[in-house]
Amino acid sequence: MDIRKQILNFKDYSRNTSTMANLKDTYDFEQIESHYQKEWDDKQTYFVETSTENSKNKFYCLSMFPYPSGQLHMGHVRNYTISDTIARVAKLEGKQVLHPMGWDAFGLPAENAAIKNNVPPADWTYKNIDNMRNQLKRLGLGVDWTKELATCHPEYYKWEQWLFTEMYKKGLVYKKESVVNWDPVDQTVLANEQVIDGKGWRSGAPVERRKIPQWFFKITDYADQLLDDLDELEHWPEGVKAMQRNWIGRSQGAQVKFQLSAADASLPLPADTQALEVFTTRPDTLYGVSFIAIAPEHTLSRLAAQKNADLQDLIDRMARMKTSEADMATLPKEGYPTPFTATHPLTGETLPVWVANYVLADYGSGAVMCVAAHDQRDWEFATKYDLPIKPVVSTGDEWDYTEAALTDLGTLINSAEFDGLTSADAKAKICDKLEAETKGFSKIEYRLRDWGISRQRYWGSPIPMIKCESCGDVPVPKEDLPVQLPNDVEFTGEGGSPLAQHATFKHVNCPTCNKPAERETDTFDTFMESSWYYARYTCPRFEDGILSESAKDWTPVDQYVGGIEHATMHLLYSRFLHKVMRDFGYVKSNEPFTRLLCQGMVLSESFFRESDKGEKIYINKLDVDFERDEKGQVIKATEKSTGLPVSLGALEKMSKSKNNGVDPNTLINNYGADTVRLFSMFAAPPEQTLEWSDAGVEGASRFLKRFWKLAYQHLETLEQTEGLDVASVDKMDPKAGELTPAQQEMRLNTHTALQKVTDDYVRRQSFNTGIAALMKLSNQIGAFEETDTQSIVVRHEAIKTLTALLSPIAPHICSEVWTALVGTDLMQETWPVLDESALKTNTITLVVQVNGKKRHEMQVAADASKEDIEKEALSNETVQRFMDGKAPFKVIYVPGRLVNVVVK
RNA sequence: GCCGGGGUGGCGGAACUGGUAGACGCGCCGGAUUCAAAAUCCGGUUCUGGAAACAGAGUGCGAGUUCGAUUCUCGCCCUCGGCACCA
């Protein structure tokens with residue numbers, strides 16, 4: 001079980017100079033793939049020493065590590081093929097490539113399996129890891145397995161516990177009450193996904209919101225840095241950066257104080273709630289405030305509910321809601337008036353105080369000032385309850401306030417001495433006035449909330465804190481780390497966390513005063529493990545600290561590849577911990593991931609028929625017969641076993657429940673890893689969704705067979721030519737002597753492809769178009785049938801180039817072809833060198849348009865002058881026909897592209 | 001609801017900086033090979049009209065900017081991802 005057992009002994013293999021293998025006449029992927037996978041393992045081809053020296057030319061390529069569910073799925077295949085391709089390109093470019101793999105091994109599924117099958121989570125997880133590692137290896141990934149780590153291993157979580165205690169000492173950790181989903185029947189805390197329609201997934205009981213003390217990281221201390229440093233991330237998708245900016249949600253506004261009074265003498269205001277502090281991003285609309293709204297969980301709401309059964313009902317219903325923002329935002333607006341009023345700080349006006357279900361208790365103070373005229377949510381609420389709508393901003397145009405709120409900025413009206421000011425000026429001036437009268441001040445607020453890291457679960461890293469009656473919260477000292485998870489635990493899914501129920505885990509002596517104390521039984525949020533693993537990969541067995549010097553040299557990650565679903569949380573938390581580790585002196589950079597590629601999901605068609613009860617029964621594609629029309633469109637589908645008609649469902653993310661998953665293992669058995677990799681990379685650009693297609697896989701397989709045959713036939717021709725052998729051809733210069741036009745064209749095609757594929761792989765990361773260019777080159781090589789010596793040399797260059805360029809995608813077949821063609825180890829080779837001279841041509845094709853429509857194509861000399869080109873274009877018969885006898889009004893010439901003749 | 005993607009032939013996709021819409025692959029159609037089939041090879045394949053040459057239309061919908069828009073702007077529709085305890 002110990003992952004250190006995975007470390008292999010290194011042998012010193014010299015460069016492979018084995019004698020050239022003759023290719024077999026058929027492509028035997030099984031034999032080739034197992035041979036090279038073994039060879040790479042034996043030679044430790046992908047091992048990299050994470051030394052300072054090597055770091056000067058380093059390339060750290062990382063894919064988001066998988067949760068070890070036990071089954072590799074196509075999403076994994078896609079993710080790891082993308083990162084593997086990028087890593088292999090970098091290796092061919094001569095870089096020191098670190099491409100590690102590990103396991104995000106803590107999480108709910110292991111506990112669920114424990115409850116269901118009575119298997120200890122550790123056993124279940126380690127077994128899954130073994131399975132998945134074997135499956136991953138069959139993909140032929142160029143991964144340095146000596147760097148493997150699993151987050152559930154005590155040697156990993158030890159250091160994260162230690163980091164937590166250091167953060168605690170630096171004041172970055174605090175404890176506060178926070179809401180969880182509570183299942184009153186199972187007496188346990190539920191994750192959001194375990195709450196279905198407001199009910200516990202196992203008990204079916206209505207879930208309650210309950211406040212319990214939990215640990216938080218002060219990520220908000222880093223909010224400005226997290227926001228500002230996004231500008232450094234040139235190679236991140238703009239969309240992801242935008243999502244992070246919105247998530248952090250920095251906004252400039254004002255904190256305004258409203259004095260309260262109680263209208264009902266029997267419900268006096270509590271001593272500590274004589275005023276409400278609200279935050280607004282629109283202080284310019286302060287004169288338009290028509291009411292104040294408070295959250296249902298607010299102290300005043302509960303107070304008011306004592307005299308209002310309907311309000312109490314609303315509060316109860318809200319207490320049964322899930323804690324998610326999406327649920328809150330889609331709720332129809334609902335509220336009740338309270339017997340409290342507020343005084344407008346500037347006008348002295350009396351304003352009603354309402355309870356409103358759209359006010360979030362956890363944001364700010366749980367109260368907002370409502371400007372019905374200029375905020376859409378306030379407007380909806382005001383319209384429903386007939387509250388006043390007071391316009392105080394004008395854009396100069398007429399506005400119908402019975403239709404919607406006017407949310408644009410403008411010029412102030414009905415705002416006393418501020419009338420006529422722009423919204424921007426008014427914001428500042430109103431803040432000044434509030435400040436002068438001590439009724440408010442300007443303030444920056446963030447949407448970002450502190451990161452709650454406590455989970456009431458077993459299968460996570462224990463939070464290393466001890467609660468002592470006399471010393472308070474005491475972090476576990478370094479020498480006592482890690483706080484290990486006990487194995488003797490029972491799983492029932494009831495009664496809360498198994499750790500809290502464990503006989504001895506909880507009971508310890510205080511590290512400070514040695515009196516009996518209680519250990520924290522909550523574990524870390526699993527985002528914790530995934531927020532620093534990339535740094536630990538650089539020194540996974542380092543025993544003297546969280547990170548060795550390697551981490552300074554080998555971070556940041558140069559290329560990170562993973563799913564778009566991690567755009568906000570995982571990436572934000574990682575960026576946060578990276579900055580913390582930087583401030584502690586363990587890494588040097590500001591940001592953990594220099595370049596980010598977010599790959600799309602893998603989708604496939606789903607098929608179903610409806611049962612008598614009207615439920616959808618999903619049927620695997622393999623169990624369906626199809627009838628198609630002459631365009632290949634499915635016109636009829638029936639279930640093989642029953643003959644019943646089957647409906648075509650949507651194109652959906654592969655999942656068990658939709659029965660539309662494709663098993664990578666079966667595919668590798670049938671077609672080989674190279675075909676599966678090729679299809680995954682060819683079928684769509686990496687960041688878009690990928691639609692699975694059996695026919696497409698067949699196509700990828702056919703291409704590899706054609707490629708094989710091309711190489712095989714080339715070698716045959718070569719051997720049959722007198723005076724030639726592979727070794728001599730490989731040393732001959734393809735551009736020596738006069739080339740025939742066909743040979744010149746072949747070289748043009750080869751180097752055009754080389755140029756395009758290099759650009760597609762490296763700059764654009766557009767692998768599908770790169771592969772398309774290679775398929776085109778392959779077709780061109782197939783059409784080049786000359787057999788004279790010079791042509792063989794030209795073809796040799798073409799096939800060698802094709803092999804090298806295809807190798808990051810299909811490494812096994814290319815290794816075998818390369819060995820036969822060149823005799824060296826392709827994995828030790830470098831990227832082909834572009835011959836600029838091969839790209840030169842004498843003539844170019846130009847398009848001639850009339851009024852923007854293509855009407856003619858013409859060949860011109862590459863160095864023809866603008867005048868000559870325009871003259872020739874205008875003299876063309878077709879062009880003249882479309883000019884309809886009129887004189888050209890304007891002629892637009894785009895060099896190398898087109899001539900556009902404009903007539904009126 | 002808020003934030004961020006996506007929408008192009010029968011299908012997946014290409015067109016990179018506003019300049020030939022449909023590269024490459026799949027499917028389909030025709031042909032070669034075969035006793036036959038599979039496999040393989042060759043040719044065709046956006047739609048409409050036309051025998052063809054050719055013409056017209058066409059990138060989710062509606063407007064706009066431009067000599068020229070899949071690409072830029074504005075307004076919609078559909079769809080996918082995230083929304084803080086799935087990872």
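Order of the sequence lines sets the chain letters (A, B, ...), proteins ahead of strands, with each chain counted from 1. When reading the values below, keep in mind they use all heavy atoms of this one structure, side chains included, and skip hydrogens, waters and symmetry mates.
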Can you measure [X] atom [atom1] to [N] atom [atom2] for me and round it to whole angstrom units?
{"X": "A:Met601", "N": "B:U79", "atom1": "CE", "atom2": "P", "answer": "14 Å"}
{"X": "A:Lys890", "N": "B:U66", "atom1": "NZ", "atom2": "P", "answer": "10 Å"}
{"X": "A:Glu691", "N": "B:U79", "atom1": "CD", "atom2": "C1'", "answer": "13 Å"}
{"X": "A:His73", "N": "B:C86", "atom1": "NE2", "atom2": "C1'", "answer": "12 Å"}
{"X": "A:Asp25", "N": "B:A39", "atom1": "CG", "atom2": "C1'", "answer": "14 Å"}

With no angle test and no hydrogens, is the base of [N] tied to the side chain of [X] by a donor-acceptor pair under 3.5 Å?
{"X": "A:Asn900", "N": "B:C67", "result": "yes"}
{"X": "A:Arg763", "N": "B:C16", "result": "yes"}
{"X": "A:Gln214", "N": "B:C85", "result": "yes"}
{"X": "A:Gln194", "N": "B:C86", "result": "no"}

Pick from A:Thr523, A:Asp522, A:Asp525: which one makes a side-chain hydrogen bond (donor to acceptor under 3.5 Å, both in side chains) with A:Arg455?
-> A:Asp525

Of A:Trp532, A:Tyr533, A:Trp103, the one forming a side-chain hydrogen bond (donor to acceptor under 3.5 Å, both in side chains) with A:Tyr156 is A:Trp532

Between A:Phe106 and A:Trp459, what is the ring plane arrangement, given parallel below 30°, perpendicular above 60°, and tilted in between?
-> perpendicular

Comparing nearest nucleotides in RNA chain B, the 5'-proximal residue of the pair A:Ala695, A:Asp760 is A:Asp760

Taking for A:Pro109 and for A:Asn851 the nucleotide of RNA chain B with the nearest heavy atom, the one nearer the 5' end belongs to A:Asn851

Using Watson-Crick or G-U wobble geometry with both distances below 3.5 Å, tell me the partner of [N], or none.
{"N": "B:A36", "value": "none"}
{"N": "B:A57", "value": "B:U46"}
{"N": "B:C41", "value": "B:G31"}
{"N": "B:U71", "value": "none"}
{"N": "B:G81", "value": "B:C3"}

By nearest atom, which of the nucleotides [options] is closest to the [X] side chain?
{"X": "A:Lys853", "options": "B:G13, B:G81, B:A57", "result": "B:A57"}
{"X": "A:Ala329", "options": "B:G1, B:A15, B:C67", "result": "B:G1"}
{"X": "A:Arg702", "options": "B:C85, B:G4, B:U40", "result": "B:U40"}

Could you tell me whether the phosphate oxygens of [N], OP1 or OP2, come under 4.0 Å of any side-chain nitrogen or oxygen in [X]?
{"X": "A:Arg855", "N": "B:G56", "answer": "yes"}
{"X": "A:Thr526", "N": "B:A87", "answer": "yes"}
{"X": "A:Asn779", "N": "B:G25", "answer": "yes"}

Base of B:G9 relative to its sugar, syn (within 90° of 0) or anti?
-> syn

Taking atom types as modelled and ignoring hydrogens, do the side chains of [X] and [Y] form a donor-acceptor contact shorter than 3.5 angstrom?
{"X": "A:Glu445", "Y": "A:Ser251", "result": "no"}
{"X": "A:Tyr671", "Y": "A:Glu698", "result": "yes"}
{"X": "A:Tyr560", "Y": "A:Trp236", "result": "no"}

